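Note that the structure is predicted; figures quoted are calculated from it, not measured. Sequence lines set the chain letters: A, B, ... in the order given, protein chains first and strands last, and positions in each chain run from 1.
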Amino acid sequence: MELLEFLIFDNLIYILAIVLGVILTVAYLTYFERKVIAFMHVRMGPNRVGPRGLLQPFADVLKLLTKEIIFPKNANKFLFLIAPIITLATAFAAWAVVPFADGMVLADINAGLVYVLAMTSLGVYGVIIAGWASNSKYALLGALRSAAQIVSYEIAMGFALVGVLVAAGSLNLSEIVRGQEGGLVHWYIWPLLPLFLIYYISGVAETNRAPFDVAEGESEIVAGFHVEYSGAAFALFFLGEYANMIIISALTALMFLGGWYSPFTGDSWIAQPSIFWFLGKTSIFLYAYFWLRASLPRYRYDQIMRLGWKVFIPITIVWIFVVAVMKVYHVGPWWN
Amino acid sequence: MTKIVRYLKSLTLNEIRKGLMLTQKYFFKRKFTVRYPEEKTPKSPRFRGLHALRRYPNGEERCIACKLCEAVCPAAAITIDSDVREDGSRRTTKYEIDLFKCIYCGFCEESCPVDSIVETDIHEYHFESMGKNVMTKEQLLAVGDMYEEQIAKTKQEDAKYR
Amino acid sequence: MSPELFQQIIFYVFATFTVGSAMAVVSVKNTIYSALFLVLCFFNTAVLWLLIEAEFLAITLVLVYVGAVMVLFLFVVMMLDVKQAKASQLKQSYTKAALLIAAAMLVELLMLFGYKLSGQIPTNELIRQEQGYSNVAEVGMELFTKYVYPFEIAAVILLVAIVAAIMLTMRKRPGNKQMDASKQININPSERIRVVSMKAEKGQGEDS
C-alpha cells in the first residue's frame with residue numbers, strides 16, 4: 001500500500017500538474033504565435049473569439065476534436081494512429097527531468113541531460129512512422145527529410161551539450177543550474193556563447209520549425225508527414241510539436257541562462273531565485289521561435305545539411321576544447 | 001583572405017540580426033487591419049452592389065417596362081414581362097434579376113431612361129437556398145423602398161461626373 | 001504490494017516483451033515491422049537495465065540505438081522498397097550461419113547458468129549502490145583509466161570506418177547538376193551586379 005500511495009501522491013499529482021501545465025501552455029502558445037507573427041506582419045492576429053481573441057485556442061481545439069479522422073486507403077491503421085501518440089508521449093516524457101525551481105523536479109536523475117536528448121530524439125519516430133503509415137508519397141518524403149534532418153542536428157546538439165557537461169561537470173540538470181549561481185556573469189551563456197547559439201538553432205531544426213521546416217514545406221510537399229492527418233490525430237502532432245518547442249526553450253534557459261536564478265545579485269526581492277525567472281527565460285526563447293519564423297525564409301534542404309555538418313559540428317568540437325582549457329585553467333568567474 | 005574574413009563575418013550572424021531587427025521594428029508599428037464588421041473602408045458613390053427598383057416620391061414605380069436593361073444586360077440576367085395596367089400605362093408584370101448571372105457591370109442602371117433600376121452600395125448579402133438568387137420585382141422594389149434615401153444621396157453625389 | 005514484488009512484476013512484464021519483440025523481429029515478414037519490433041526490443045531492454053540501476057547505459061541505449069541507429073535503419077528500409085520476404089526465401093542460404101551463431105549464443109547462456117549454479121557470480125540479490133552513487137562518473141572513470149586503450153582503439157576504428165564510408169560514397173557523377181551551397185552563400189553582390197546609371201528616356205508618342 002505504501003508503494004501505491006507513493007506512486008499516486010508523490011508522482012501522479014506532479015505528473016498531472018506538469019502535463020496539464022504543458023497542454024495549457026501549448027494552447028496559449030498557439031495564440032501567442034499567431035499574435036506575434038501577425039504583429040510582425042503589421043496585422044492584428046486572432047481577436048474575435050473572446051476578449052482580444054483569448055478564447056481562440058479553445059475554439060481551435062474544439063474544432064479539431066470534433067473533426068473526423070480520415071484514414072487513407074491502404075494506410076496501416078495501427079501505425080497511423082500510434083504515430084501521433086509517440087510524438088506526444090516523447091515530448092511529455094522529457095519534462096520528467098526538468099527542474100522548474102530548486103528541488104522542484106519530478107525525477108532528479110543523474111543522467112538527466114542524456115535522458116532529455118534521448119527523449120527529444122525519439123520524437124522522430126512519430127514523424128517517420130506517420131510518414132510511412134500514411135501511404136502517401138508526400139508524407140513519406142516529408143518523413144525521410146525530417147528523419148535525416150533530426151539525426152544530423154542531434155549530433156550538433158549533442159556536442160553542444162557536451163560543452164555544457166564539461167562546464168558543469170555533471171549530467172544532472174539541477175546541478176548544471178546550480179553551477180551558474182551568482183548573477184548574470186556566472187551564467188554559462190558567456191563562456192559557451194557559440195554552443196548556446198548552436199544549441200538553440202539545432203533545437204529549432206530538431207523541432208522542425210521555420211526556417212528549418214522542410215519536413216512540412218507547404219510549397220514542395222504539401223504538408224509533409226502529416227498531410228493525411230486530420231482531427232484529433234493532427235491535434236496530437238500539433239501538441240507534440242509545441243511541447244517539444246517548450247522543452248527546447250526550457251532546456252536552453254536551464255543550461256545557458258541559469259534556470260531559476262535571478263540575473264541580479266544582492267538581497268533584494270528581485271535577486272531571489274524563483275520559478276518565475278525560469279518561466280521568463282523560457283518565454284524569451286519561445287518568442288525567439290516565432291521571431292525567427294516571422295523573419296527568415298525556409299532553408300533549402302542541402303543548405304540545412306551543410307549548416308549542420310559543415311558549420312555547426314566543427315565549431316562545437318573546437319569550442320569543447322576551448323571550454324575544457326578554460327575549465328582546466330579556472331578562467332573567469334565561472335570556474336574559480 | 002577575403003574568404004576567411006567572410007567566414008568569420010558569417011559567424012557573427014550579423015545578417016540574421018539585421019533581419020530580426022527589421023521584423024521587430026514592424027512589431028511595434030501601427031496595425032493597418034480594418035476590423036471588418038465594426039470598421040469598414042469608405043465606399044465610392046459609384047459602388048455597384050445589390051440591385052433595387054426605385055419609385056417616384058408619390059409612390060408610383062418608375063419602371064415603364066421599356067426593356068432597355070434586359071437588352072443591354074451582357075449576362076442576360078434580367079427577365080421582364082410587361083402588360084397594360086388598368087389605368088392604361090405600360091408596366092412590368094415580372095421583373096427578375098438572377099444575381100448569380102449578374103456581373104454587376106451597371107449597364108442596366110446606365111441604360112434606364114427613368115432611373116428606375118439602380119445598383120445600391122449594399123454588398124453584404126447572401127442566399128440561404130437554391131432559387132433565392134433570383135430577385136423578384138417585389139424584392140427589388142422593397143430594397144428600393146428601404147434604401148431610397150441612401151440611393152438618392154449617392155446618385156446626387158455622383159451626378160456631376162455623369 | 002511490496003516494492004520487491006512490484007519490481008518483479010515490472011521485470012517479468014518487460015522481459016516478456018523483450019523476448020516477444022525479439023522473436024517478432026525475425027519472424028515478421030514486413031521489413032518495416034521487423035525494424036520497429038527491434039526498436040521495441042531495445043526499449044524493453046533499456047527498462048530492464050534501469051531495473052538493475054544502470055540508468056546511464058539504459059538511456060544511452062535509447063539515445064544511440066533507438067534515437068539514431070534505428071532511425072537510419074528505417075530510413076534505409078523505406079528508401080530501398082524491400083519486397084516482402086516469401087516463406088521459401090527464408091529457408092535458404094543464411095540458415096547455416098544463423099544456426100551457428102544461435103548455437104554459440106546458446107553455449108554462452110549455458111555457461112552463464114553454469115557460473116550461476118556454481119556460485120561464481122553473486123546471485124541472490126543485485127548489487128545495490130548507496131544513494132548518491134553516480135553511474136555516469138563511474139562508467140567514465142572505468143573507461144578512461146582501466147579500459148582507455150580498448151576505448152581509444154575502438155574510437156579510431158570507428159573514425160576510420162566513417163572516413164572510409166564517406167570516401168566510398170563520394171563520387172562526382174558526370175552531368176550532375178548539384179549546386180554547392182557554400183559557393184552560393186559566399187557570393188558577393190558586387191561581383192555579379194553592375195549598377196548602371198542611365199539618362200531618363202523620353203516617352204514615345206507622348207508630349208512631355
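Between atom CZ of residue B/F32 and atom NE2 of residue A/H41 there is a gap of 13.5 Å, rounded to the nearest 0.5 Å. Here the CD1 atom belonging to A/I201 is positioned 6.0 Å from the CD1 atom belonging to B/I16, to the nearest 0.5 angstrom. Separating the CZ atom in B/F27 from the CZ atom in A/F290 is a distance of 11.5 Å, to the nearest 0.5 Å. Atom CD of residue B/Q24 and atom CZ of residue A/F39 lie 11.5 Å apart, to the nearest 0.5 angstrom. One distance of note links CZ of A/R43 with NZ of B/K31; it measures 10.5 Å at 0.5 Å rounding. The line from CE of B/M21 to OG of A/S295 is 9.5 Å long, rounded to the nearest 0.5 Å.
Only the side chain of B/L13 comes within contact range of chain A, judged by heavy atoms closer than 4.5 Å. Both the backbone and the side chain of A/L292 come within less than 4.5 Å of a heavy atom of chain B. Of the atoms belonging to B/E15, not a single heavy atom falls under 4.5 Å from chain A.
The minimum heavy-atom distance between B/T33 and A/V42, with the atom names listed, is OG1-O, 4.1 Å. Scanning all heavy atoms of the two residues, the minimum distance from B/Y26 to A/M40 falls at CB-O, 3.6 Å. When all heavy atoms of A/W291 and B/T23 are compared, the closest pair comes out as NE1-OG1, 3.1 Å.
For B/Q156, the CD atom is loosely surrounded, since the number of other residues' heavy atoms within 6.0 Å does not exceed 12. Open room surrounds OH on A/Y299; 12 or fewer heavy atoms of other groups in view lie less than 6.0 Å from it. Remark: B/Y147 OH is loosely packed, at most 12 non-hydrogen atoms of other residues, nucleotides or ligands lying under 6.0 Å away.
Counting heavy-atom pairs closer than 4.5 Å to chain A, the top-ranked of the candidates B/R30, B/R35, B/K25 is B/R35.
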